[in-house]
Student: 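A single structure is presented below for examination.
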Amino acid sequence: MNRSLIDSYKNFLDKGKTERECVSFSIEEARSKGFVELCEKESLKPGDRVYYVNRDKSIALFIIGKAKLEDGMNILGAHIDSPRLDLKMKPLFEKEGVVYLNTHYYGGIKKYQWVTMPLALHGVVFRKDGTAALVEIGEDEDDTALCIADILPHIAQEQMKQSAAEFIKGEELDLVVGLTPNDESKEKDKGKKAIMALLKERYDIDEDDFSSAELEVVPAGRARDMGLDRSMVLAYGQDDRVCAYTSLKAILDYEGTPERTACCMLVDKEEIGSVGATGMDSLILENTVAEVLAKCGITDSLTLRRCLRNSYMLSSDVNSAYDPQHADLYDKDNASILSGGVVFNKYTGARGKSGASDANPEFIAKLRNVMDKNKVKFQMAEMAKVDIGGGGTIAKYCSWYGMDVIDCGVAVLSMHAPFEITSVEDINSAYDCYRAFLTL
Ligand code: MN
Ligand code: MN
């Protein structure tokens, strides 16, 4: 097993706690592996390695293949956004001695999991003149910590009677960032003003600048080995950065010129339905591929359509790992087991497969063949029992072009929790799988 892959993966998680941080990291790694930005190239030829950045929150990397582009590409697609708490546009307020930052959660979370733990603020604030402040508070152990408070059990009888969905409400997820100075002054909002002065000093921003900010509250602390046997990784944001990193690394480590053009797309907004200009439910893929084709001297839309239609894609996204403590939620024969290898999931979606892309069996047969040839350990699984529920991925937005696509990623325990668990064997298996896929 490749332990250095796990160390470099943990480093990626530590450096990439937001989409923008993941994109910056990817650019740096790509450049060190000979990739250049698409706009730096006059034209493209087989073997060329380029990347294309979309609004600093998604990135696509390509290695131009020997075959004609209209014959299709091999695409690895993962998402680099993760569940979290975003700051509201007017977040700073003071209430009876305590100063808070108000949040609005992003993605599917169990709200009660986000209280009483060290949290960090990561992101960017744009001032009116267009300059930006890069914000990171509470991440470094030597820096100050941030936290959301909860009620003492002794006086929480009423709270404890409520359902888990209710007992911490979205509106109560307010980050404690300071206390009102206990001095003689009767000045209104003096606590809030004092905190704003500290932010001004640290980042040269004013309160109004919060309205043009993208600030994300995430669990503080580094990714760690887990278990006495170090068989797992415990970290924030492994959905879906575990697949994003192994996909990125698979294309960066590809040597030489592939037969079919290799592509790795790392996109934003999957956790809220792939919406927006940086999510997959936009023309992001089509527009990016059109830019690549243009550099190859191809500008007609029919070739673009054929290129997308003839592509193969792995929607590199995580699957819910079988949990022996909650066995009744799973059909064990069709569940993904930790350390069972990378997971192919034909049916994502929920209940009657709503929201699924339902991969074609002809395509799955091809994948089984290339996985076996490359000795990749894999498992076929669904998320949970049929009536329990499920979820969608970016797969359906890619299948829209008629390409062959299947969900394929790492099994995760405690998915969407502040700290998620993966198996180091599965991470290695995903990397092997994505490398093999690029040879298809
Ligand atoms: Mn995901
Ligand atoms: Mn998710």
Side-chain angles (χ1 to χ4, degrees), residues 9 12-13 16-19 22-23 57-59 75-86 105-111 113-114 216 218-219 223 233-248 264-276 278-281 284-285 313-321 323 329 335-336 338 342-350 354-357 359 381-384 388-399 405-423 426-427 430 433-434:
Y9 167 53
F12 169 72
L13 291 174
K17 287 200 166 182
T18 67
E19 310 78 25
C22 289
V23 167
K57 289 192 281 189
S58 73
I59 184 170
I75 306 170
L76 292 166
H79 67 93
I80 47 177
D81 61 315
S82 293
R84 60 175 187 257
L85 314 175
D86 286 332
Y105 65 95
Y106 172 98
I109 61 165
K110 289 175 164 177
K111 288 163 232 165
Q113 292 178 333
W114 291 73
E216 308 180 8
V218 298
V233 171
L234 177 70
Y236 165 67
Q238 298 200 73
D239 173 8
D240 179 36
R241 293 176 188 139
V242 65
C243 299
Y245 182 70
T246 43
S247 294
L248 173 70
C264 171
M265 292 271 308
L266 304 180
V267 297
D268 182 23
K269 297 286 179 284
E270 192 276 344
E271 295 295 356
I272 57 167
S274 295
V275 298
T278 51
M280 213 49 151
D281 189 11
I284 181 175
L285 175 61
M313 182 182 186
L314 293 185
S315 162
S316 311
D317 207 342
V318 296
N319 201 61
S320 62
D323 183 348
L329 296 174
S336 52
L338 284 173
V342 70
V343 184
F344 286 95
N345 188 340
K346 175 172 161 68
Y347 311 115
T348 43
S354 111
S357 67
E382 298 191 26
M383 280 185 80
I388 294 282
T393 65
I394 62 170
K396 62 177 173 181
Y397 306 107
C398 305
S399 62
V405 53
I406 186 169
D407 285 297
C408 172
V410 171
V412 177
L413 202 58
S414 315
M415 197 198 291
H416 282 209
F419 290 93
E420 303 172 307
I421 299 165
T422 55
S423 141
D426 295 340
I427 297 164
C433 163
Y434 299 153

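Counting starts at 1 for both ligands and their atoms, following the listed order. Atoms considered below: every heavy atom in the structure, side chains included; atoms not considered: hydrogens, waters and symmetry mates. Keep in mind that what you see is a predicted model, and the values were worked out from it rather than measured.
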Student: For side chain to side chain contact (heavy atoms under 4.5 Å, CB included), just list the numbers for Cys433 and Leu314, CA-CA rounded to whole Å, side-chain angles, deciding distance to a tenth of an Å, and then say yes or no.
Tutor: CA-CA 10 Å; Cys433 163; Leu314 293 185; 4.1 Å; yes
Student: Of all N/O/S atoms in Asp239, which lies nearest to the Mn ion (ligand 1)?
Tutor: OD1
Student: State the atom name: nearest N, O or S atom of Asp317 to the Mn ion (ligand 1).
Tutor: OD1
Student: Do Tyr9 and Gln238 have side-chain atoms, one donor and one acceptor, less than 3.5 Å apart?
Tutor: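 Indeed, the side chains of Tyr9 and Gln238 share at least one donor-acceptor pair under 3.5 Å.
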Student: Run the numbers on Ser316 and Ser247 for side-chain hydrogen bond (donor to acceptor under 3.5 Å, both in side chains), then give the verdict.
Tutor: CA-CA 7 Å; Ser316 311; Ser247 294; 3.2 Å; yes
Student: I need the single residue from Val242, Ile427, Val412, Val410 that forms a side chain to side chain contact (heavy atoms under 4.5 Å, CB included) with Val233. Which is it?
Tutor: Ile427
Student: Strictly under 2.8 Å, is the Mn ion (ligand 1) approached by any N, O or S atom of His79?
Tutor: yes
Student: One thing to verify: whether Arg84 and Glu19 come together as a salt bridge, which I'm taking to mean a side-chain N less than 4.0 angstrom from a carboxylate O.
Tutor: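 Yes, charged N to carboxylate O under 4.0 Å.
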Student: Specify whether an N/O/S atom of His416 falls short of 2.8 Å from the Mn ion (ligand 2).
Tutor: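 Yes, within the cut-off.
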Student: Indicate if the distance from the Mn ion (ligand 1) to the nearest N, O or S atom of Glu271 falls below 2.8 Å.
Tutor: no
